[in-house]
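Note that the coordinates shown come from a computational prediction; the quantities given were computed from them, not determined experimentally. Every chain is numbered from 1 and lettered A, B, ... according to where its sequence line falls, protein lines coming before strand lines.
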Amino acid sequence: MTTRVRFAPSPTGYLHIGSARTALFNYLYARNTGGKFLLRIEDTDLARSTEESTQSILQGLAWLGFAPDEEIVFQSNNADKHRETARKLLAEGKAYRDFTPKAEPTDANVKDTIKDRARANQGEKNMRDNPYRDISAEESDARAAAGEPFAIRLKVAETGKTSFEDAVYGLQERDYTETEDLVLLRSDGHPLYNLAVVCDDIEMEITHVIRGQDHLTNTHKQVLIYEALGVTPPVFAHLPLIMAPNKGKLSKRKHGEVVSMTTYRDAGFLAEAFRNFLALLGWSASEEQEIYSLDELVAKFSLEGIHRSNAVFNFSPDDPRKWTDDKAQWMNAEYIRTMPLDRLLPHVKAELKAAKLWRDEYEDDDKAWFDNTLNLIRQRFFTLKDFSSQGRAYFSEDFDFDPAAIEKNLNKFPDLKTWLPELADRFEREFEGLAYTEENIEMVVKAFTEEKGTKLGVIMNGARTMLTGVAVGPSMLSVFETIGLEKTLLRLRSQLAWGS
RNA sequence: GUCCGGUUCGUCUAGGGGUUAGGACACCGCCCUUUCACGGCGGCAACACGGGUUCAAAUCCCGUACCGGAUACCA
């Protein structure tokens with residue numbers, strides 16, 4: 001039997017980093033076992049589901065490269081089947097009508113309300129005390145026929161326990177006394193999550209359910225439904241959760257954009273780098289390797305390698321340099337500077353195009369120069385954005401000067417204001433009949449430096465600021481050569497950076 | 001409250017009866033160098049606590065603490 005897994009997000013927000021990892025693990029498991037990776041949108045909560053959210057999730061998945069192997073299933077389309085299933089269980093006596101009036105929703109935080117109510121019960125609530133659990137079928141039918149609204153609840157046995165072997169957490173058991181007679185169908189006729197999930201997983205012939213550990217108790221309820229339906233449940237594998245730096249819940253409300261997948265796309269992350277990072281959050285191949293291609297991840301992935309303890313997504317909101325997990329940043333930089341250039345090229349092209357810095361010559365006449373330049377500058381870049389920001393001066397005359405660079409490399413040496421234009425004149429003379437190459441540039445600059453009785457660094461760093469606008473970058477000799485003589489002269493003579 | 005789960009450097013993790021407890025990121029230092037966020041070398045830094053079992057426990061067992069999840073006519 002081929003494995004069939006599904007990623008089943010509910011469209012109530014963007015693609016969360018934790019959901020993205022769940023999608024990744026499902027995808028890896030499907031590929032590893034030669035099975036199918038399916039996508040189901042769990043939009044049964046009409047009030048909270050939005051089309052916009054669905055699109056955002058789909059975009060996130062597309063960016064990460066996880067295309068479903070079959071058509072996307074929208075859970076709301078299956079509501080009739082879910083209702084039918086509930087009615088079937090009712091007819092078989094495995095479920096019953098609950099005529100208790102629906103409690104009006106509280107305006108307060110729902111989670112807290114539930115928690116308080118549960119605490120008030122002191123854990124001694126009898127889960128089988130519903131007055132409608134054992135009324136006669138005649139009475140139940142009569143009241144229903146009279147138009148009295150009712151929810152349908154699963155009739156959980158008085159004694160016994162649910163159990164399943166979780167592929168990550170091992171044997172899980174839960175006494176029936178801990179599980180209430182869960183509602184399958186709301187009084188307004190809408191199927192509830194646990195019923196919908198089970199029906200759809202059966203319908204989609206899901207063999208392995210890989211999802212967050214927050215579903216562990218749901219699983220017991222779902223096992224009950226499988227049993228009532230007489231269907232063998234799939235294999236369950238629950239994933240540890242991804243937490244905020246204080247080990248609390250990672251949420252949009254509290255942590256903002258760091259948890260959204262689109263943030264990383266927009267910040268110039270490479271999907272493959274982020275995938276790699278995500279894979280190592282809660283899973284490991286029990287070895288010291290850190291960088292994995294998708295193929296390697298697929299080959300090495302296993303449910304056994306999934307951890308049981310939660311992982312912290314580490315970032316400091318108050319430190320701009322650590323706005324997101326520093327390992328993710330390092331990994332992205334690692335990919336940018338080491339991946340084959342031809343794979344990086346399309347991404348750089350897109351970035352330069354977006355910044356209006358792209359020129360078609362970079363793909364034909366100037367390709368050699370362009371490739372060379374990218375290889376030079378990518379060594380110190382962290383994101384794709386750097387190509388259009390820090391690297392802007394390589395592609396445009398219109399670039400900004402970093403105030404810190406001006407302060408450090410120009411203002412501290414006022415002589416440079418005349419020296420640099422002088423150096424331009426020298427370059428112009430010397431390179432009239434001499435090749436503008438690193439060796440020759442070095443020779444000329446050194447001679448110039450000695451004449452001025454200053455240090456090479458003063459001239460070089462001053463020139464760096466004038467030529468690139470920033471204080472960091474590759475060897476200055478390479479920069480001179482890459483920028484080219486003509487632009488070098490122009491920029492050395494410009495008084496722009498000196499401000500007033 | 002109750003049920004379930006977890007706990008190795010700041011973070012991600014390896015190890016799962018005998019290890020100088022390993023790696024990566026971050027941080028710090030040195031080197032390279034014209035600067036630097038590249039590179040090289042090095043350093044700091046962890047088995048939550050208490051009991052057992054054992055010749056030997058980070059590793060197995062029990063308890064405690066702490067953290068997390070769940071506890072809906074949400075998903």
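Here B/C25 presents its P atom at 14 Å from CD of A/Q289, a figure rounded to the nearest Å. Counting to the nearest Å, the P atom of B/C73 and the CG atom of A/D188 are 12 Å from each other. Protein atom NE2 of A/H220 is 12 Å distant from nucleotide atom C1' of B/G69, rounded to whole Å. The nearest whole Å value for the distance from the CG atom in A/L250 to the P atom in B/U11 is 15 Å. Summarising the geometry, the separation between CD on A/Q172 and P on B/G6 is reported as 8 Å, rounded to the nearest angstrom. Here B/A75 presents its C1' atom at 12 Å from CZ of A/R6, a figure rounded to the nearest Å. One can place CG of A/L239 at 15 Å from P of B/A70, the figure rounded to the nearest angstrom. As a whole-Å value, the separation of A/I291 CD1 from B/C12 P is 18 Å.
Non-hydrogen atoms lying under 4.0 Å from RNA chain B are contributed by A/K322, A/D326, A/K327, A/W330, all within residues 322-335 of chain A. If you check residues 193-202 of chain A against RNA chain B, the residues with a heavy atom closer than 4.0 Å are A/Y193, listed by number.
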Run the numbers on A/F74 and A/E42 for side chain to side chain contact (heavy atoms under 4.5 Å, CB included), then give the verdict. CA-CA 6 Å; A/F74 287 87; A/E42 309 218 313; over 6 Å; no
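Nucleic acid contact class of A/N218 (heavy atoms, under 4.0 Å, all strands): base. Heavy atoms of A/L192 sit under 4.0 angstrom from primed sugar atoms or phosphate atoms, though from no base atom. Base engagement by A/T100 is indicated by at least one non-hydrogen atom pair under 4.0 Å involving a base atom. Counting any heavy atom pair closer than 4.0 Å across all strands shown, A/E290 reaches a base atom. Using a 4.0 Å heavy-atom criterion, one finds that A/A311 contacts the sugar-phosphate atoms exclusively. Looking at heavy-atom distances under 4.0 Å, A/P149 makes no contact with the nucleic acid at all. Note on A/L184: nothing from the nucleic acid sits closer than 4.0 angstrom, heavy atoms only. Using a 4.0 Å heavy-atom cutoff across all strands shown, A/R464 reaches at least one base atom of the nucleic acid. Using a 4.0 Å heavy-atom distance criterion, A/H215 is classed as a base contact. A/P474 comes within 4.0 angstrom of a nucleotide base, judged by non-hydrogen atoms across all strands. Counting non-hydrogen atoms under 4.0 angstrom, A/G282 reaches the backbone sugars and phosphates but no base. Nucleic acid contact class of A/N461 (heavy atoms, under 4.0 Å, all strands): base.
Donor-acceptor pairing under 3.5 Å, judged by distance alone, is present between the side chain of A/R48 and the base of B/C74. The base of B/U34 is paired with the side chain of A/S475 by a donor and an acceptor separated by under 3.5 Å. Not a single donor-acceptor contact under 3.5 angstrom links the side-chain atoms of A/D43 to the base of B/A75. With hydrogens and angles ignored, a donor-acceptor pair closer than 3.5 Å exists between the side chain of A/S187 and the base of B/C73.
B/C3 and B/G18 are spaced 39 Å apart, taking the C1' atom of each and rounding to whole Å. Between B/C49 and B/A65, the distance separating the two P atoms is 16 Å to the nearest Å. Comparing B/A14 with B/G63, their P atoms sit 26 Å apart, to the nearest whole Å. For the C1' atom pair drawn from B/G42 and B/C47, the interatomic distance equals 25 Å after rounding to whole Å. Between B/A48 and B/G40, the two P atoms lie 33 Å apart (nearest whole Å).
Under 4.0 angstrom from either OP1 or OP2 of B/C73 there lies at least one side-chain N or O belonging to A/R153. Residue A/R378 places none of its side-chain N or O atoms closer than 4.0 Å to OP1 or OP2 of B/C38. A close approach under 4.0 Å does occur between a side-chain nitrogen or oxygen of A/K247 and OP1 or OP2 of B/U11.
A cation-pi arrangement, defined by a distance under 6.0 Å to the six-membered ring centre and an angle within 45 degrees of its axis, is present between A/R143 and A/F99. Relative to the ring axis of A/F150, A/R97 places its NZ or CZ within 45° and under 6.0 Å from the centre.
Stacking between A/H238 and the base of B/G5 is absent under the criterion of ring centres within 5.5 Å and planes under 30 degrees.
You'll find the side chain of A/L270 reaches within 4.5 Å of the side chain of A/M339, heavy atoms only.
Partner assigned to B/C25 is B/G10, using Watson-Crick or G-U wobble distances below 3.5 angstrom. If you check B/U33 for Watson-Crick or wobble pairing at under 3.5 angstrom, you find it has no partner at all. Partner assigned to B/U19 is none, using Watson-Crick or G-U wobble distances below 3.5 angstrom. Summarising the base pairing, B/C60 is matched to B/G52 through a Watson-Crick or G-U wobble pair whose two defining distances lie under 3.5 Å. The pairing partner recorded for B/G68 is B/C4, the criterion being a Watson-Crick or G-U wobble arrangement whose two distances lie under 3.5 angstrom.
For residues 323-334 of chain A, the set of pairs meeting the salt bridge (charged side-chain N to carboxylate O under 4.0 Å, His left out) definition, not counting sequence neighbours, comprises A/E290-A/K327, A/K322-A/D326, A/E334-A/R337. Applying the salt bridge (charged side-chain N to carboxylate O under 4.0 Å, His left out) test to every pair with at least one member in residues 441-450 of chain A, sequence neighbours left out, gives these pairs: A/E442-A/K446. For residues 152-188 of chain A, the set of pairs meeting the ring pair (Phe, Tyr, Trp, His ring centres under 6.0 Å) definition, not counting sequence neighbours, comprises A/F164-A/H220, A/F164-A/F236.
Comparing A/L171 and A/R337 against RNA chain B, the residue whose closest nucleotide sits nearer the 5' end is A/L171.
Listed by chain and residue number, nothing satisfies the salt bridge (charged side-chain N to carboxylate O under 4.0 Å, His left out) test with A/R211 (two or more places apart in sequence, or in another chain). Applying the side-chain contact (heavy atoms from CB on, under 4.5 Å) test to A/D318 and every residue at least two apart in sequence or in another chain returns A/S316. Scored by the salt bridge (charged side-chain N to carboxylate O under 4.0 Å, His left out) test, A/E52 finds no partners at all (sequence neighbours excluded). In this structure A/T44 satisfies the side-chain contact (heavy atoms from CB on, under 4.5 Å) test together with A/Q75, A/A196, sequence neighbours excluded. Residues meeting the side-chain hydrogen bond (donor to acceptor under 3.5 Å, both in side chains) test with A/E439, sequence neighbours left out: none. Annotation: salt bridge (charged side-chain N to carboxylate O under 4.0 Å, His left out) contacts of A/E351 (sequence neighbours excluded): A/K385.
A/D200 and A/H82 share a side-chain donor-acceptor pair at under 3.5 Å.
Heavy-atom neighbours of A/N375 CG from other residues, nucleotides or ligands within 6.0 Å: above the threshold of 12.
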Would you give a per-nucleotide map of nucleotides 15-22 of chain B, 5' to 3', where B means the base has a protein non-hydrogen atom under 4.0 Å away, S means only the sugar-phosphate does, and - means neither? S------B
